[in-house]
Amino acid sequence: MLHEQIATALNEQIKLEAQSSHTYLAMAVWAETNGFDGTATFLYAQAEEERMHMLKLMQFVNERGGLANVPALEAPVETYDGVEAIFRSILAHETSVTASINSVVDQCLSIKDYTTYNFMQWYVAEQIEEESMARMLLDKLALAGGDRGALYLFDRDIVGLGKESAN
Ligand code: OFO
């Protein structure tokens, strides 16, 4: 049976993953309607991935005798100053998701819930990947320096990265 404190922490994480999916979806819509079709494809795939992160947590909570909450979500930001602004926002967001996951892991250790601790290691590894992907894309955008031709290539090349990360 899931400890109440852990059930609460996991439900908060479920909400955060759902909010992430929602946020990526709004970013994808912005990209698609502003001529960045490759970036939109990448972001739609990220939105799906975040939904999968949410579902995996929900199933774990339910399987361990808890009750997964289907969360109410906040309306995401819908307008962005450009692709770089999107990836800056993604990095800040993913950094906060990592902090939240670390907090769940801390709580698991403090109450000796080693099963959830083990389960959460998948999320710990996933966050390393998500943060490093955002940093790598920001580095590429910094190199592009706002040049239209370079941005065109960025938008073309990001499609493959989205497929790689959607596992
Ligand atoms: Fe679920 O990893 Fe991003 O938020």
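Read the numbers this way: they start at 1 and go in the same order the structure lists the ligands and their atoms.
Only protein N, O or S atoms were considered, and those under 2.8 Å from atom 1 (Fe) of ligand 1 are E17 OE1, E50 OE1, H53 ND1.
Checking R51 against S20 by side-chain atom types alone, no donor-acceptor pair falls below 3.5 Å.
Using the six-membered ring where Trp is involved, Y24 and H93 have ring planes that are perpendicular, over 60° apart on the 30 and 60° scheme.
When the shell of 6.0 Å around CZ of F60 is examined, it contains more than 12 heavy atoms from other residues, nucleotides or ligands. Annotation for N118: atom CG counts as buried by contact number, over 12 foreign heavy atoms lying within 6.0 Å. The environment of NZ in K56 is crowded: more than 12 heavy-atom neighbours from other residues, nucleotides or ligands sit within 6.0 Å.
Checked against side-chain hydrogen bond (donor to acceptor under 3.5 Å, both in side chains), E48 has no partners two or more places apart in sequence or in another chain.
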